[in-house]
2 protein chains.
Amino acid sequence: MVTMNDVAKRAGVSIATVSFVLSGAKPISAATRERVETAMRELGYRRNPVGAALARGRTNIIALLYPALQRPATGSVMGFFTSAAARAQELGRNLVLWPISNDAGEAAALANTGLVDGVLLMEVQLEDARVEALRPGTTPFALIGRTRDTAGLTFVDVDFEASMSEAVAALDGLGHRRIAFVTGNWGDLHLEDHGAAERSRACFRTEMARRGVRKPLIVPCAENSLDGRRLGRTLITEHPELTALVVMNEHAAPGIVMGLRDAGRRVPDDVSIISIGSSANMAGMADPPLSFMRTPGEELGRLGVDAIIERIENAGAEPPAVLLACEMQPGATLVRVRPGD
Amino acid sequence: MVTMNDVAKRAGVSIATVSFVLSGAKPISAATRERVETAMRELGYRRNPVGAALARGRTNIIALLYPALQRPATGSVMGFFTSAAARAQELGRNLVLWPISNDAGEAAALANTGLVDGVLLMEVQLEDARVEALRPGTTPFALIGRTRDTAGLTFVDVDFEASMSEAVAALDGLGHRRIAFVTGNWGDLHLEDHGAAERSRACFRTEMARRGVRKPLIVPCAENSLDGRRLGRTLITEHPELTALVVMNEHAAPGIVMGLRDAGRRVPDDVSIISIGSSANMAGMADPPLSFMRTPGEELGRLGVDAIIERIENAGAEPPAVLLACEMQPGATLVRVRPGD
DNA sequence: TTGAAAGCGATACCAA
DNA sequence: TTGGTATCGCTTTCAA
């Protein structure tokens, strides 16, 4: 491995000078800079980030912490990751996806070792032990998602309340009142711990109550098409009065449509469906293609990186907090309720 | 930050002793070990991996290089990543997903800075500049996939030939002869550069030729349901004689089924389908659920990690090379051809 | 069984 | 504008 020393020797300067050329921290005469750069080129020198990290206390690496070992990841994580990585690169940082157990200690351990400049936490729960473990440390962190109490925390999250309100309003505008809400079933987590689940359920209840429905139907479903199909069948059989479904479970949604059809209901003629928090590709897996509200995953990826970098560079400032609603996309599963229904 | 020095002082020993206790590299008396461990606990000490990496020349980090910026990732990457991460953890390593451009220099740069002990390359092309860039370096690397010439390389890959042969044999056994092959359309890459595509196409041709079909139909399709649907419609309209499809494009497959139905063909009564290299979840998105051959993604993740670690620890040995075929899974889209067809 | 000390590669302060 | 050098935190050799 070529070191700074090699470069310095070859250029006939001190390693301090080489370092200054590299970092631009001090003015260097054009002549010496030229000599140093030539030496670097000839030797194929690359700065060793480990040495630099030890000396500077910074690595330029941001870790996107994902509890992959507990919750095998879905495709939406990748969209997020991709845009976050691109944004980090634009800003001269490295963003890596770091699998981690949900064990609070592990996150704090990684953060406080100096291996990374900051961390982004995914799959945040309402009461999240990792957040409590990171708080006392000095390494900046930001959440993708939110805990219940967000005071003093940096986060970017989907605005589930706004999305849900818009979805219910859309159905309401088409005359639907008998609406069920199908949520996800977030792995081993207790549903109550999952922010997206709890916030959207609460909002669904509120919106329905405002429209005179006191105890609206809310059912969880595992996140895959087969369970979706099963659920679609039983749900409509047990609750034949339903005219519409709000689904927040993109992987189950296409199966649900099949299940309804299995049970003799047509979509959307008999039952309208709106899928909240979906990708276009998943919505297109259903027949007919689902009317859906797009998860702003890519936007959040970018914003999450901006937020953590802001935190790293400007620790004193007000912590950024961003909420972004899903955006309604056209589809073929939303129609006016039939008169008489 | 608590350092080894703090621990040493508190325990009344030298930092060398602390290091030995931590690494177990040298025998330490029970009494001293006890004192050191107590001090570590009381101070909440954690070894700084940056310092350790600099001293040892090893970081215990393995990078899974993914060209995320060129080719936004699909869900199957995550399955692979998850199992690889779990395996790495079992073996005391960290596996991180590192986005990288397909630019050869970038991969080599990362590898040769000492930041990672080894790299796993994903989305390998038949002629892959990254491989050539990594070859001369000293950092071990392994491929997920294969280049055309694999001499001296460590790799784990799907055995497309075996999988394709089995798929065609299955259709053949049911009397199908008029079979088309729908491949993926790997982003901006020229199809010819993609190993999976080329190997499976060649194998399809061979298998069909052996059965007396000289120029079998092979069509690419973008990897999403909407394009799949479009393709299904036009394909069967332009080639009404087809009785079966081999699909190697899990995201398009459910759409293809819809497209066939749009064109008035029933699946599987009129057209049988087998999806090669799919996950159960995607196969279940179709109605009826697809007969498919499962991508051994999780197995490959584990084996890939084993391979790169073997390479790191035992640089002299024969480079491991692993091929794993997809495994046939039951579904509802495979039936005997109708007499007369 | 333990300790002193020489690195690992780079940064940055203090002098010159 | 440049150089000498202490320093970051840990590993490991050599001596004791």
Side-chain angles (χ1 to χ4, degrees), chain A residues 1-40 43-61 109-117 138-139, chain B residues 1-37 39-40 43-61 92 109-117 138-139:
Chain A
M1 164 176 270
V2 185
T3 73
M4 240 179 199
N5 239 312
D6 302 330
V7 176
K9 249 178 236 151
R10 174 144 195 150
V13 298
S14 78
I15 69 163
T17 304
V18 178
S19 178
F20 293 146
V21 168
L22 221 47
S23 65
K26 293 256 169 127
I28 297 286
S29 75
T32 7
R33 148 165 292 122
E34 177 55 31
R35 283 221 311 290
V36 170
E37 284 174 345
T38 306
M40 295 202 296
L43 264 36
Y45 170 77
R46 280 181 195 294
R47 163 213 260 132
N48 180 325
V50 179
L54 186 56
R56 290 206 321 148
R58 276 214 186 180
T59 60
N60 260 6
I61 299 177
L110 171 64
N112 293 321
T113 52
L115 235 184
V116 299
D117 294 345
T138 56
T139 306
Chain B
M1 165 177 268
V2 185
T3 73
M4 241 180 200
N5 238 314
D6 302 330
V7 175
K9 250 178 233 148
R10 174 149 195 143
V13 297
S14 77
I15 70 164
T17 304
V18 178
S19 178
F20 294 146
V21 167
L22 221 47
S23 67
K26 293 258 169 118
I28 296 287
S29 74
T32 336
R33 147 164 292 122
E34 177 55 31
R35 282 220 313 289
V36 171
E37 284 174 343
M40 295 201 297
L43 263 36
Y45 170 78
R46 281 184 194 294
R47 164 213 259 133
N48 179 326
V50 179
L54 186 56
R56 291 205 321 144
R58 276 212 187 182
T59 60
N60 261 4
I61 299 177
L110 171 65
N112 293 321
T113 53
L115 231 187
V116 299
D117 293 345
T138 55
T139 306

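Note on B:Val18: nothing from the nucleic acid sits closer than 4.0 angstrom, heavy atoms only. Residue-level contact check: A:Thr32 touches the backbone only, with heavy atoms under 4.0 Å from sugar-phosphate atoms and none from bases. Using a 4.0 Å heavy-atom distance criterion, B:Ser29 is classed as a sugar-phosphate-only contact.
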Collect all protein-nucleotide pairs involving nucleotides 5-9 of chain C in which both atoms are nitrogen or oxygen and the distance is under 3.5 Å.
from, atom 1, to, atom 2, distance (Å)
C:dC8, O2, B:Leu54, O, 3.4
C:dC8, O2, B:Ala55, N, 3.2
C:dG9, N2, A:Gly51, O, 3.2

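Of the possible polar contacts, none joining the A:Thr32 side chain to the A:Ile28 backbone as a donor-acceptor pair under 3.5 Å is found. With hydrogens and angles disregarded, a donor-acceptor distance shorter than 3.5 Å links the side chain of B:Arg35 to the backbone of B:Ala11.
Atom-to-atom distance recorded for B:Thr139:OG1 and B:Leu110:CG is 8.5 Å, nearest 0.5 angstrom. For the atom pair A:Met1 CE and B:Thr113 OG1, the distance stands at 6.5 Å (nearest 0.5 Å).
Between A:Lys26 and B:Ile28, the one whose closest nucleotide on DNA chain C sits nearer the 5' end is B:Ile28.
Summarising the geometry, the separation between CG on A:Leu22 and P on C:dA10 is reported as 9 Å, rounded to the nearest angstrom.
Annotation for B:Thr59 and B:Asp117: closest pair N-OD1, 2.8 Å, computed over non-hydrogen atoms. The two residues B:Val2 and B:Asp6 have their closest heavy-atom pair at CA-OD2, 3.4 Å.
The nucleotide range of DNA chain D contacted by chain B, defined by atoms under 4.0 angstrom from heavy atoms of the protein and reported 5' to 3', is D:dG9 to D:dC14.
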